[in-house]
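Everything below concerns the one structure shown next.
Position 1 is the first residue of the sequence; numbering continues from there. What you see is a predicted model; the values in this text were computed from it and never measured.
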Amino acid sequence: MYYPHHYGYGFSLFRGVPFGGYITMGLGILIAAALIYLLVKKSGSFPGQEKSDSPLEILQKRFVNGEISREEYLEKKEILKK
């Protein structure tokens, strides 16, 4: 049986609206993109991206490794805190 008011099969929020299926599909894509963005934002980095050390962490590593003296470490630490 043919129903002239029916514009296709399946679910559509905008049934009866021209291009309603495209609008529903676009909303689905936007929701999926938002979920991916939130997951990446929560994890703090993109997959495969290494977390870089802060300047203070680099300074601490240099001091621990003996690359700089205690006086130089304290001087540079004060500069970084400002």
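- The cluster map of Ile, Leu, Val, Met, Phe, Trp and Tyr, joined by side-chain heavy atoms under 4.5 Å apart, puts Leu56 and Phe63 in the same cluster.
- You'll find the side chain of Tyr73 reaches within 4.5 Å of the side chain of Gln60, heavy atoms only.
- Sorted by first then second residue, the salt bridge (Lys or Arg N to Asp or Glu O under 4.0 Å) pairs that include residues 73-82, not counting sequence neighbours, are Glu72-Lys76.
- Hydrophobic clustering (ILVMFWY, side-chain heavy atoms < 4.5 Å, transitive): Tyr22 and Ile29 are in one cluster.
- Note that the CG atom of Leu74 and the CG atom of Leu59 stand 9.0 Å from one another [nearest 0.5 Å].
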